[in-house]
Amino acid sequence: MAKFLTNKEENYSQWYNDLVIKADLAENSAVRGCMIIKPYGYAIWEKIQAELDRLFKATGHVNAYFPLFIPKSFFSKEAAHVAGFAKECAVVTHYRLKNDENGNGIVVDPTAKLEEELIIRPTSETIIWHSYKNWIHSYRDLPILINQWANVVRWEMRTRLFLRTTEFLWQEGHTAHATREEAVEETEKMINVYASFAENSMALPVIKGYKSENERFAGAIDTYAIEALMQDGKALQAGTSHFLGQNFAKAFDVQFTDKTGKLDYVWATSWGVSTRLMGAIIMGHGDNNGLVLPPKLAPIQVVIIPIYKNTEQLSVLSETANKIKADLEAKGISVKYDDRDNNKPGWKFADYELKGVPVRLAIGPRDLENKTIEVARRDTLTKETIPIDKINEFIPKLLDDIQTNIYNKALNFRKENTFFVNTWADFLKTLDNPGGFIMAHWDGTIETEEKIKEESKATIRCIPFDSPDEEGKCIYSGKPSKRRVLFARSY
RNA sequence: CGGGGUGUGGCGCAGUUGGUAGCGUACUACGUUCGGGACGUAGGGGCCGGAAGUUCGAGUCUUCUCACCCCGACCA
C-alpha cells in the first residue's frame with residue numbers, strides 16, 4: 001500500500017503533523033502560532049465539548065461567559081499568578097486604525113491609545129474573581145459553580161497544532177466555596193470527571209496525581225493533573241484541577257458572612273481542559289494509516305461505501321445502503337453514506353482510514369446477491385462479511401468493542417512502558433530508550449527536581465494519588481523518600 | 001532568543017555555466033473504469049515571498065528584508 005503519511009517510527013513529530021493536516025483536522029493560519037480548526041477537527045472538538053458539558057452539568061455546574069479582555073491592573077493583584085503568566089500575554093494598547101498620511105496603508109492611530117492596557121485573557125481567574133466580589137456576600141451565595149467555554153491566548157515561543165497554540169479553545173471552571181473542605185472536594189471531583197472522561201470517552205488511560213510545587217498552576221495551593229502516555233514515550237498533561245485556597249479571594253477581596261456571622265475569605269478552585277485533548281487522541285491512538293478515533297468521539301462512526309459499475313447498480317445499492325443508514329441512525333449511531341462518484345472505493349477506504357472512522361461498511365453487487373455486507377474495523381484493520389439482517393445488532397456491539405479495544409491497547413502500552421527505576425544511571429538510560437513513565441523516588445525538594453530536569457529533561461509529571469508508601473532513596477540525591485513519583489519527558 | 005531549513009500554479013517539488021518557467025498531483029470536460037488511493041484524450045491556472053542592485057537579459061548572481069517550518073529553552 002502506498003504511503004501517505006510519514007511512519008511514526010521514523011519521525012514521530014513529522015507523523016503527527018502530517019496526520020493533523022492530511023486527516024483535515026487543522027492547518028496553520030496566517031497568524032503565527034494560531035491554527036485553523038477545520039470542520040472535521042472541529043466536529044471532534046464538538047463531541048468532546050458535548051460530553052464534558054454534560055458531565056459538568058451533571059455535577060451541578062452552569063455555564064457563563066466573561067470578557068476576552070482583562071484590565072492590566074487585575075493581573076497585578078495576585079503575585080504568583082502575574083509571575084506565571086506575565087511573559088506570555090498579548091496586550092491591547094490602542095483602539096483605532098487610520099490611513100497613513102504617507103500612503104503606507106493602514107496604521108495604528110497613536111492618538112487612540114488606551115488609558116489602561118487590556119490583556120487578552122491567558123486564563124480568566126482575575127476577571128472572574130473581580131465579578132465574584134460583587135456576587136458573594138453570604139454563605140447563602142455559595143457555592144458558585146461556573147464553567148466557561150472560551151478561547152484564551154498565551155504567547156508561546158514554539159507552537160504545535162493542537163498541542164500548544166498561541167490561541168486555543170478550552171473550558172475553565174471557576175468555583176467559589178464557603179469552606180476549605182468543600183473546595184478541596186470540588187478540586188478532586190473535577191479531576192475525577194476529567195479522568196473518567198479520558199478513559200471512557202477518549203479511551204485513554206490516565207494517571208491522576210498532585211503536581212509538585214514547581215509544576216503547580218501560578219496562584220494555586222495545589223494542582224491535580226491527569227497525565228497520559230503518548231506512543232513516543234512522552235507524557236501529555238491532559239487536564240488540571242486547581243485548589244486555589246483563598247489566594248484569589250484575598251487578592252480581589254471577596255469575603256462572605258458565614259452561618260455564625262463571621263467574615264471570611266472565599267475558597268476557590270479552577271479547572272480546565274483544552275483543544276490539546278485533540279492531540280492526546282491523535283497521539284494516543286493513531287497509527288501509520290492515520291487517525292484512530294474512539295467511537296464515542298468520532299463525528300462519523302460508520303461510513304458506508306458502495307461498490308458499483310454503473311448508475312443503475314448504484315441506485316440499487318443505495319436503496320439497501322440508505323436503509324442500513326436509517327436503521328443505524330435510529331439507534332443513535334452517526335452514519336455517512338459516501339456515494340460520491342468522483343473517487344473510487346479504494347480511494348475512499350484509504351481516506352476514511354486516514355480520518356479514523358471506526359467502522360467501514362462496503363457493499364457491492366456481490367453482497368447484494370448474498371445478502372451480506374463487508375465490515376471493516378479501523379482499530380485492527382480487519383474485515384469480515386456478515387449478513388445484512390444482522391447488521392443492526394452487530395454494529396452497536398462492534399463500536400463498543402472498538403472503544404474497549406483501543407482503551408486496552410493504550411493501557412497495555414502504558415503498562416509496558418512504565419518502569420520502576422532505582423538508580424540515576426538507569427533513569428537516564430530508560431528515558432532515552434524506550435522512554436515512557438518512570439516511577440522513581442525523589443527527595444521532595446525543588447532543587448533536586450530542577451537538577452533532574454536540567455540533566456535529563458524529564459519532569460515530575462505528578463505524584464500519583466495511588467502511589468503506595470514505600471521507603472526508598474532519591475534517585476538523584478540519595479536522600480530518603482517515602483514514595484515514588486511519576487517522571488517523564490513531556491509535551 | 002539560539003541552531004537548522006524552506007519560500008516557484010491549490011498542494012508537493014524540479015529548474016544545470018544567467019536566455020523569458022516545467023513535472024507530479026489536484027482542478028474542468030468527455031469517454032472507458034469501479035471489491036484497496038484507475039486510465040486515456042483535451043483544457044484552464046504562476047509578474048518564481050518582498051525591495052534594491054549587477055546585466056542587453058535574473059527563478060538563477062549580490063545586498064537588505066519579510067514570512068513560515070523543524071530542533072532546543074517556556075507552557076495546557
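Residue numbering restarts at 1 for every chain, and letters A, B, ... go by the order of the sequence lines.
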For A/Arg160 and A/Phe168, take the nucleotide of RNA chain B holding the closest heavy atom to each; which residue's nucleotide lies nearer the 5' end?
A/Arg160

Please work out if A/Glu156 contacts a base, only the sugar-phosphate, or nothing of the nucleic acid, heavy-atom cut-off 4.0 Å.
base

Counting any heavy atom closer than 4.0 Å, what does A/Asp341 reach on the DNA or RNA strands: base, sugar-phosphate only, or nothing?
nothing

If I pick the P atom on B/A14 and the same atom on B/U55, what distance separates them, to the nearest angstrom?
31 Å

How would you label the contact of A/Thr223 with the nucleic acid (heavy atoms, under 4.0 Å): base, sugar-phosphate, or nothing?
nothing

Taking B/G72, B/C74, B/G36 as options, the one with an atom nearest any side-chain atom of A/Lys453 is B/C74

Would you say NE2 of A/His285 has more than 12 non-hydrogen atoms from neighbouring residues, nucleotides or ligands within 6.0 angstrom?
yes

Please tell me whether A/His81 and A/Phe248 form a close aromatic pair, meaning their ring centres lie under 6.0 Å apart.
yes

Would you measure the distance from the P atom in B/G59 across to the matching atom in B/G50 and give it in whole Å?
11 Å

Side chain of A/Ala350 (C-beta onward), nearest among B/G36, B/C70, B/C34:
B/G36

Nearest listed nucleotide, side chain of A/Glu88, among B/C70, B/C34, B/C74
B/C74

For the pair made of CD in A/Glu353 and P in B/G35, what is the distance, rounded to whole Å?
15 Å

What integer number of Å spans the C1' atoms of B/G12 and B/U65?
27 Å

Which nucleotide wins on minimum distance to the side chain of A/Asn28, given the candidates B/C74, B/U33, B/C69?
B/C69

Result for 5'-nearest mapping on RNA chain B, choosing between A/Arg164 and A/Arg366, is A/Arg366

Tell whether A/Lys309 reaches the base of B/G35 with its side chain through a donor-acceptor pair below 3.5 angstrom.
no

For A/Ser13, report the nucleic acid contact type (base, sugar-phosphate, nothing); a contact means any heavy atom under 4.0 Å.
sugar-phosphate

With heavy atoms under 4.0 Å as the rule, sort A/Lys457 into base, sugar-phosphate or nothing.
sugar-phosphate

Between A/Glu215 and the options A/Thr223, A/Thr459, A/Thr240, the side-chain contact (heavy atoms from CB on, under 4.5 Å) test singles out A/Thr459

Which residue is it: A/Ile307, A/Ile305, A/Ile388? I am looking for the one with a side-chain contact (heavy atoms from CB on, under 4.5 Å) to A/Ile363.
A/Ile388

A/Leu354 CG - B/C11 P separation (whole Å):
19 Å

Of A/Ile281, A/Ile282, A/Asp287, which is the lone residue that meets side-chain contact (heavy atoms from CB on, under 4.5 Å) with A/Val292?
A/Asp287

If we take the C1' atom in both B/U60 and B/G45, what is their distance in whole Å?
24 Å

